[in-house]
Amino acid sequence: MYFFNSLNRSKALFEPITPETVGLYCCGPTVYNYAHLGNLRTYIFEDILVRTLREAGYKTNHVMNITDVGHLQSDADDGEDKMALAAEREQRSPWEIARYYEDIFFEDCKSLNIARPDVVCRATEHISQIIEFVNRLVQCGVTYESEGNIYYDTTCFTHYHELRGGPVDHSAALSRVENDQGKRLGADFVLWFSKSKFPRQIMKWESPWGIGFPGWHIECSAMASTYLGSRIDIHCGGIDHIPIHHTNEIAQSEACFGHRWVNTWMHGAFLILDKGKMSKSSDNFITIQTLREEGFKPLHYRYLCLGAHYRSELHFSWDALDGAKRGLENLYNRVLALRHASPIKKTVRSVVELADHYRYVFWTALADDLNAPVALSTLWAVIKDGDLDSSTKLSLVGEFDRILGFGLMEAQPPILSEDRMALITARNQARAQGDWALADEIRKQLADQGVMVKDTRTGTEWYVTDIL
RNA sequence: GGCGCGGUGGCAGAGUGGUGAUGCAGCGGACUGCAAAUCCGCGUACGGCGGUUCGAUUCCGCCCCGUGCCUCCA
């Protein structure tokens, strides 16, 4: 398998540290608000990654953090604690806020058929590990204390710009955020805040440096090493984490361990709206709930996402989502039709070879840096191939869907209510009597309810448009 | 201002130095009482201008446009 590694910006053959198991860490949500579709796109990408690894025969140790410590708008003094803000806004404690949004997050994931990570770890439940990690960094001599906070001194780490690909000029006058006066260098970052800048700071803990709370980047390093050790196969996240968060994670972890920390860094690209990327701090904010209100199902969105490569920006529009919806509904109806078809499986050589060909194409696509669009197109090719019998098609669909995750094999044939059934019967009587006007009227009624009828030689069949 | 990424048919979006995926939408035909579904077929798509090449959408340069990052961000 080949994955694109953000570290050197090229694809490389993936080889896990230990032969059978892959340890991967994925940056999870900051739970002070609902996840939006852009966030969720990244988790869909990671889900495809995990499923692909498992299908390839690896055991996975998939770890995801929950950032339930309010982290700062910035390191500047006027930064805001998002968790505290949400707590104030909603008149609930930060812990209640965090748990509420965490629950919704995993419900959203479930509705998207995103497998739950093997380990989900909350920052607030790993404060001691975080403190221990900071402590080791202090002992390594890569930190300094200033204005009550512990900072990481980025000049101590020679590879600091490796992931980001080059230094950033923090003196730029156009920077949106004021510089933190406690920093020696713009790139330095806080490991532990012991002098809370917030008058009503609620989440705080004792530490060797005073009562306070951890910086954002440190939680990932601390928890990742807790569950995966000091060497990690794959670390994922959104592309926006490259320049700051992941760069800082590397600095902390490699300073602490003294060796390469993560072998492969994988980053998902943004979901783009007409007005730019979707983001929590703007009105470009669409959630799973919004989606439902607009008449879509979460899986429609999954289908949309898998039509694009994870490293390409995806242009979201309701139009595009509608196309995905129709595509997935068609897929469901196709698969349902396959189940009703003759179960006789052809075992002639040509069919077996053809099936293997599709398996090869499908797998090769995924093994080439998770090319889901090609994998998806292969699924369609299978369904439409006239040389394959339905039984063979069905087993291929089942295999492919283990990775694509649309739940195609679990799709339940829709059940028609009695009155709708009666309508169909009535229509057939009208047809038998040649009363086309009445028959068409009934057909229209059914269509309005999402029930489409088709008259075949063997009788009238029906299907529903919204099968999901 | 600095750095990065991208511009593919109506929409979304793969991919490739030479027969231009796939899905949705659209068109034509078969089928049908008419439809629908299905099947068969269809679209002079690769931002612009140059360069390299036998040949470029694919490589290079410039331009235009869009977008991302520059310490909240998936």
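Chain A is the first sequence line, chain B the second, and so forth, proteins listed ahead of strands; every chain is numbered from 1. None of the values given here were measured: they were computed from a predicted structure.
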Restricting to pairs with a member in residues 355-384 of chain A, which pass ring pair (Phe, Tyr, Trp, His ring centres under 6.0 Å), not counting sequence neighbours?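 Ring pair (Phe, Tyr, Trp, His ring centres under 6.0 Å) check on residues 355-384 of chain A returns A/F362-A/F400.
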Salt bridge (Lys or Arg N to Asp or Glu O under 4.0 Å) against A/R302, all qualifying residues, sequence neighbours excluded: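 Only A/D47 meet the salt bridge (Lys or Arg N to Asp or Glu O under 4.0 Å) criterion with A/R302.
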With sugar-phosphate taken as primed atoms, P, OP1 and OP2 and all else as base, the protein-contact string of nucleotides 22-29 of chain B at under 4.0 Å (heavy atoms; B, S, -) is SSSS----
Ring-on-base stacking between A/F270 and B/rG68, under 5.5 Å between centres and under 30° between planes: is it there?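 Given the distance and angle limits, no, they do not stack.
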What nucleotide, of B/rA14, B/rG4, B/rA74, holds the atom closest to the side chain of A/V374?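 Of all the options, the side chain of A/V374 is nearest to B/rA14.
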Which residues satisfy the side chain to side chain donor-acceptor pair (under 3.5 Å) test with A/K384, sequence neighbours excluded?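 Side chain to side chain donor-acceptor pair (under 3.5 Å) list for A/K384, sorted by chain: empty.
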Look at A/R184 together with A/D153 and state whether they make a salt bridge at an N to O cut-off of under 4.0 Å.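 Yes.
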Tell me whether A/E102 is salt-bridged to A/R122, with the criterion being a basic N under 4.0 Å from an acidic carboxylate O.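 Yes.
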Quick one: stems for RNA chain B, with Watson-Crick or G-U pairs under 3.5 Å, at least three in a row?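 Only these stems qualify: B:1-7 with B:64-70, B:10-12 with B:22-24, B:26-30 with B:38-42, B:47-51 with B:59-63.
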What pairs with A/Y301 under ring-ring contact (aromatic ring centres under 6.0 Å, His included), at least two apart in sequence or on another chain?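 A/Y301: no ring-ring contact (aromatic ring centres under 6.0 Å, His included) contacts found.
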Using a 4.0 Å heavy-atom cut-off across all strands, classify A/G268 as base, sugar-phosphate, or nothing.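 The answer is nothing, as A/G268 stays clear of every strand by at least 4.0 Å.
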Would you say A/H315 places a side-chain N or O within less than 4.0 Å of OP1 or OP2 belonging to B/rG13?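 For B/rG13, OP1/OP2 do have a side-chain N/O of A/H315 under 4.0 Å.
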Closer than 4.0 Å, any side-chain N/O of A/R427 to the OP1 or OP2 of B/rG33?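 No, because none of the side-chain N or O atoms of A/R427 sits under 4.0 Å from OP1 or OP2 of B/rG33.
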